[in-house]
Amino acid sequence: MAAGGDLVLSGHLVARAQADGAHGGQVQLMSTSGRIHLDAAAVVDTSRADGQRDGKFLLRATRSGTDDAGSEVAVDALAGDLSRTANIE
């Protein structure tokens, strides 16, 4: 899911594996010029078919700050349920 401005997730994103033995899915949230925010009600599920934690949740947002490298990434606190995702990047 991508946005040019702020991206707010307040629902469920499900990318679960469907076949037995398959790896979990991948969810990507990206914003080119805004912030990424997960509400407390948000759920990201990238688990395997058997419900075990697996998969990847990838966040991409702009950097900001006063130095050249940028000291802050435009991602707010991740308040949602990420318990069914193994990797958060």
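Not measured: the values here are computed from a predicted model. Along the sequence shown, the residues carry numbers beginning at 1.
Here the closest heavy-atom approach between residue H23 and residue D54 is recorded as CA-OD2, 3.2 Å. Pairing each heavy atom of G34 with each of A74, the nearest pair is O-CB, 3.5 Å. Shortest non-hydrogen contact noted between I36 and A61 is CD1-CB, 4.0 Å. The shortest heavy-atom contact between G5 and S31 is O-OG, 2.6 Å. Between A19 and A49, the closest heavy-atom pair is O-CB, 3.6 Å.
For the pair R48 and D20, the minimum side-chain heavy-atom distance is 4.5 Å or more. Using a 4.5 Å cut-off on side-chain heavy atoms (C-beta onward), F57 and L38 make contact.
Hydrophobic clustering places M1 together with L78 (ILVMFWY residues linked when any side-chain heavy atoms are closer than 4.5 Å, directly or through intermediates). Cluster annotation: V27 is connected to V73 through the hydrophobic network of ILVMFWY side chains, with a link wherever side-chain heavy atoms come within less than 4.5 Å.
Of the charged side-chain nitrogens involved, at least one lies within less than 4.0 Å of a carboxylate oxygen, so that R35 and E72 count as a salt-bridged pair.
Judged by distance alone, with hydrogens and angles left aside, the side-chain atoms of N87 form no donor-acceptor pair with the main-chain N or O of K56 at under 3.5 Å. A donor-acceptor pair is defined here as one N or O able to donate and one able to accept, closer than 3.5 Å; no such pair exists between the side chain of D39 and the backbone of A41.
Atom CZ of residue R53 and atom OG1 of residue T46 lie 9.0 Å apart, to the nearest 0.5 angstrom. For the atom pair L58 CG and Q28 CD, the distance stands at 5.0 Å (nearest 0.5 Å). Put simply, OG on S33 and CG on D6 are 8.0 Å apart, with the number rounded to the nearest 0.5 Å.
Checking each of L13, V75, V44 against L29 for a side-chain contact (heavy atoms from CB on, under 4.5 Å) leaves exactly one that passes, namely L13.
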Under the side chain to side chain contact (heavy atoms under 4.5 Å, CB included) criterion, do L82 and I88 qualify, and how do the steps go? CA-CA 9 Å; L82 305 174; I88 301 170; 3.6 Å; yes
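In this model, a donor atom of one side chain and an acceptor atom of the other lie less than 3.5 Å apart for R16 and S47.
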